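If you're wondering where the values come from, they're calculated on a predicted model, not measured in any experiment. Whatever order the structure lists ligands and atoms in, that order sets their numbers, starting from 1.
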Amino acid sequence: MIPTRAYAGFSATTPLGPHTIQRRDPGPTDVQIEILYCGVCHSDLHTVRGEWDTPTYPCVPGHEIVGRVTAVGSNVSAFRPGDHAAVGCMVDSCRSCRSCNEGLEQYCDNRQVTWTYDSKDAHTGGVTYGGYSSTIVVDEHFAARIPPSLDLAAAAPLLCAGITTYSPLRHWNTGPMMRVGIVGLGGLGHMGVKLAHAMGAHVTLFTTSPGKSDDARRMGADEIIVTRDPEWTRQTQAPIDLIIDTVALSHDLNPYLGTLGRDGALVLVGLPPTPHPAVIANRLTSKRRSLSGSGIGGMRETQEMLDFCGQHGIVCDIEMIRMQQINEAYERMQRSDVKYRFVIDMASL
Ligand code: NAP
Ligand code: ZN
Ligand code: ZN
C-alpha cells in the first residue's frame with residue numbers, strides 16, 4: 001500500500017482538514033499518478049456536506065484530476081512514467097454490459113460504476129478516495145490524455161465540468177443553426193457556453209448574476225437573460241432547441257420549458273439536493289418538448305472532448321487555490337462567487 005497525503009471531510013458540518021489514506025500498489029493494468037491539480041466541483045460540496053446522502057467519512061472528494069504518471073503496471077500500453085494523465089468521475093465499471101461496451105460506462109447496466117470518491121472500492125474493501133490527495137492509482141482504461149497544447153491546471157475541470165456539458169451537447173446534435181441555452185454560469189455552465197459556441201451554436205445564457213454578462217459574452221454567449229427579472233421569459237429572441245440546466249438548487253423549470261421551440265429539450269445536469277417544483281404537462285405537450293437528464297460522459301467521449309478542446313484551444317477559467325483554502329472556496333461556491341472554477345494546486349498539500 002502507498003501512504004498518501006489527503007484532505008478529507010470528517011462530518012457534514014465540520015471543515016475539511018488533513019488526513020492520510022492508503023492507495024493500492026499498481027496492478028498490471030494500473031497507472032500511478034502524482035496529482036498536480038484538482039478542480040473543485042459543486043458535487044464535492046454536495047457529497048461532503050451530506051446534501052444527497054450521508055457519505056462514508058472521512059470523505060476525500062475531487063474528480064477533476066490531472067497529474068504526472070510515476071509508475072505503470074506490466075500490461076499498461078497507453079501511458080509511460082513521465083506522461084501527463086487525467087482522471088474524472090469514474091474509476092471502474094463492469095466493463096462487459098451493453099452500456100460499457102458502447103463506451104457509456106457511467107450508465108453501466110449492471111450498476112457497477114465505481115465513482116472516483118465515496119464508492120465501494122473492490123481493491124481495498126473500503127471506499128474510494130478522490131483527488132484532494134497527492135497520488136491516485138487507477139486502471140488505465142479510466143485515465144485520459146490531456147492535449148499538450150492545453151494549460152494543465154486550466155484543463156483539470158474539463159474532466160467533470162467539460163464532459164458533463166459536452167456529452168449532452170453532442171447527444172442532442174449541437175451545431176450551426178442550433179439555438180442552445182445554458183442555465184447558470186458556474187463551473188459547468190461556463191464550459192457549456194464555451195463548448196456550444198465552439199460547436200457553432202447560437203448561445204443564450206440564463207443567469208441570476210447580472211455581473212457575469214461581460215464574462216459570458218467573452219466566452220461566446222450571444223444573448224444573456226437575467227432571470228431575476230420577473231418578466232424575463234418575454235426577453236428570449238427566438239425559440240431555443242436545447243437547454244442545459246446546470247443549477248445546483250431546486251427551481252421552477254416551467255419558464256425554461258416555455259422558451260423551447262417545437263421538439264426542444266430541457267436537459268438537467270444540475271443535481272439539487274431537493275426536487276424541482278412540478279412540471280406543468282402543457283409545457284411539454286404544446287410543442288412536443290422533452291425533459292431529460294444527462295450524467296457526465298463515458299471514457300471514449302471524455303477523450304474526444306479533451307481532443308476537441310485541444311483543437312479549439314478551450315480550457316476553463318480558473319482561480320487557483322491552496323489546499324488549505326478549500327473551506328473558504330466552498331463558502332464562495334455556495335454564493336455563486338466563483339470565476340469560474342476553483343482548482344487546487346496540489347503542491348500546497
Ligand atoms: P457551480 O459552479 O456552483 O454553478 C452553479 C451555478 O448555478 C451558479 O454559478 C449560478 O450561476 C447558478 N445558480 C446558483 N443559484 C441559483 C438559483 N437559486 N437560481 C438559479 N441559478 C442559480 O456548480 P457546478 O460545479 O457547475 O455544478 C452544478 C450542478 O451540477 C451541481 O448540482 C453538481 O452536483 C451538478 N453536476 C452534475 C453532473 C452530472 O453528471 N449530471 C456532473 C457534475 C456536476 P449564475 O450566477 O449564472 O446564476
Ligand atoms: Zn463534478
Ligand atoms: Zn457495465
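Taking the centre and axis of the six-membered ring of Y107, the NZ or CZ atom of R98 falls outside the cone set by 45° and 6.0 Å. A cation-pi geometry, defined here as NZ or CZ lying under 6.0 Å from the six-membered ring centre and within 45° of its normal, holds between R170 and F308.
Ligand 1 lies less than 4.0 angstrom from a heavy atom belonging to W52. In this structure, K212 has a heavy atom closer than 4.0 Å to ligand 1. Residue-ligand proximity: V338 is placed with every non-hydrogen atom at 4.0 Å or more from ligand 1. Residue contact annotation: G293 has no non-hydrogen atom under 4.0 Å from ligand 1. Remark: distances from the non-hydrogen atoms of Q334 to ligand 1 are all 4.0 Å or more.
Scanning the protein heavy atoms around atom 2 (O) of ligand 1, the nearest turns out to be G187 N, 2.9 Å. With hydrogens left out, the protein atom closest to atom 4 (O) of ligand 1 is G186 CA, 3.4 Å, a heavy atom. Shortest contact from atom 12 (C) of ligand 1 to any protein heavy atom: G184 CA, 4.0 Å. Atom 19 (N) of ligand 1 has its closest protein heavy atom at T208 CG2, 3.6 Å. With respect to atom 30 (O) of ligand 1, the closest heavy atom belonging to the protein is G270 CA, 3.3 Å. When hydrogens are left out, the protein atom nearest atom 46 (O) of ligand 1 is S209 OG, 2.5 Å; that is the closest non-hydrogen contact. The single protein non-hydrogen atom nearest to atom 28 (C) of ligand 1 is T246 O, 2.9 Å, given as residue, atom name and distance.
Taken to the nearest 0.5 Å, the CD1 atom of I280 stands 10.5 Å off from the CG atom of L253. Between the CG atom in L185 and the CE atom in M191 there is a gap of 11.0 Å [rounded to 0.5 Å]. With rounding to the nearest 0.5 angstrom, the CD atom of E64 is 10.5 Å from the OG1 atom of T116. Note that the CE atom of M323 and the CD atom of Q325 stand 10.0 Å from one another [nearest 0.5 Å]. Rounded to the nearest 0.5 angstrom, K120 NZ and T128 OG1 are separated by 12.0 Å.
Geometrically, ligand 1 and Y340 share no nitrogen or oxygen pair separated by less than 3.5 Å. Residue L188 places at least one N or O, backbone or side chain, under 3.5 Å from an N or O of ligand 1. Remark: ligand 1 and V247 share no N or O pair separated by less than 3.5 Å (distance only, no angle test). At least one N or O atom of S43 sits closer than 3.5 Å to an N or O atom of ligand 1. Polar contact with ligand 1: present for L185 (N/O pair, distance under 3.5 Å). Backbone and side-chain nitrogen or oxygen atoms of C41 are examined, and none is located within less than 3.5 angstrom of a nitrogen or oxygen of ligand 1. Between L271 and ligand 1, at least one pair of N/O atoms sits closer than 3.5 Å. Note: no N/O pair closer than 3.5 Å links A248 and ligand 1 by distance alone.
Less than 4.0 angstrom separates some heavy atom of V269 from each of these atoms of ligand 1: 30 (O), 35 (C), 36 (N), 37 (C), 38 (C), 39 (C), 41 (N). The contact set between ligand 1 and L249, taken as ligand atoms under 4.0 Å from a residue heavy atom, comprises 15 (N), 18 (N). Taking every non-hydrogen atom of T207 and a distance limit under 4.0 Å, the qualifying atoms of ligand 1 come out as 45 (P), 46 (O), 47 (O), 48 (O). Every atom of ligand 1 with a heavy atom of H42 under 4.0 Å away is listed here by number and element: 1 (P), 3 (O), 23 (O), 24 (P), 25 (O), 27 (O), 31 (C).
The aromatic rings of F206 and W232 lie perpendicular to each other, with more than 60° between the two planes, well past the 30° mark.
Rounding to 10°, one obtains 100° for the angle at the Zn ion (ligand 3) between SG (C97) and SG (C100). When rounded to 10 degrees, the angle formed at the Zn ion (ligand 2) by NE2 (H63) and SG (C160) equals 110°. Vertex the Zn ion (ligand 3); arms to C94 atom SG and C108 atom SG; angle 100° (nearest 10°).
Under the 4.5 Å side-chain heavy-atom criterion for Ile, Leu, Val, Met, Phe, Trp and Tyr, L158 and L152 are members of the same hydrophobic cluster. One hydrophobic cluster, built from ILVMFWY side chains closer than 4.5 Å, holds both I321 and L45.
Within the 3.5 Å criterion, the main-chain N or O of T14 finds a donor-acceptor partner in the side chain of S11.
Ring centroids of Y132 and H19 are separated by 6.0 Å or more, keeping the two rings apart.
A salt bridge is absent between D222 and R179: the closest approach of a Lys/Arg side-chain nitrogen to an acidic carboxylate oxygen does not fall below 4.0 angstrom. R217 and D214 are not joined by a salt bridge, as no carboxylate oxygen comes within less than 4.0 angstrom of a charged side-chain nitrogen. Here R68 pairs with E34 in a salt bridge; the nearest charged N to carboxylate O distance falls below 4.0 Å. Salt bridge status for D139 with R95: present, with a side-chain N to carboxylate O gap under 4.0 Å.
With a heavy-atom cut-off of 4.0 Å, S294 touches ligand 1 through its backbone alone. Counting heavy atoms under 4.0 Å from ligand 1, residue T164 touches it through the side chain alone. Looking at I296 against ligand 1, both its backbone and its side chain come within 4.0 Å, counting heavy atoms.
With respect to I243, the side-chain contact (heavy atoms from CB on, under 4.5 Å) criterion is satisfied by exactly one of L257, L291, L260, V267: L260.
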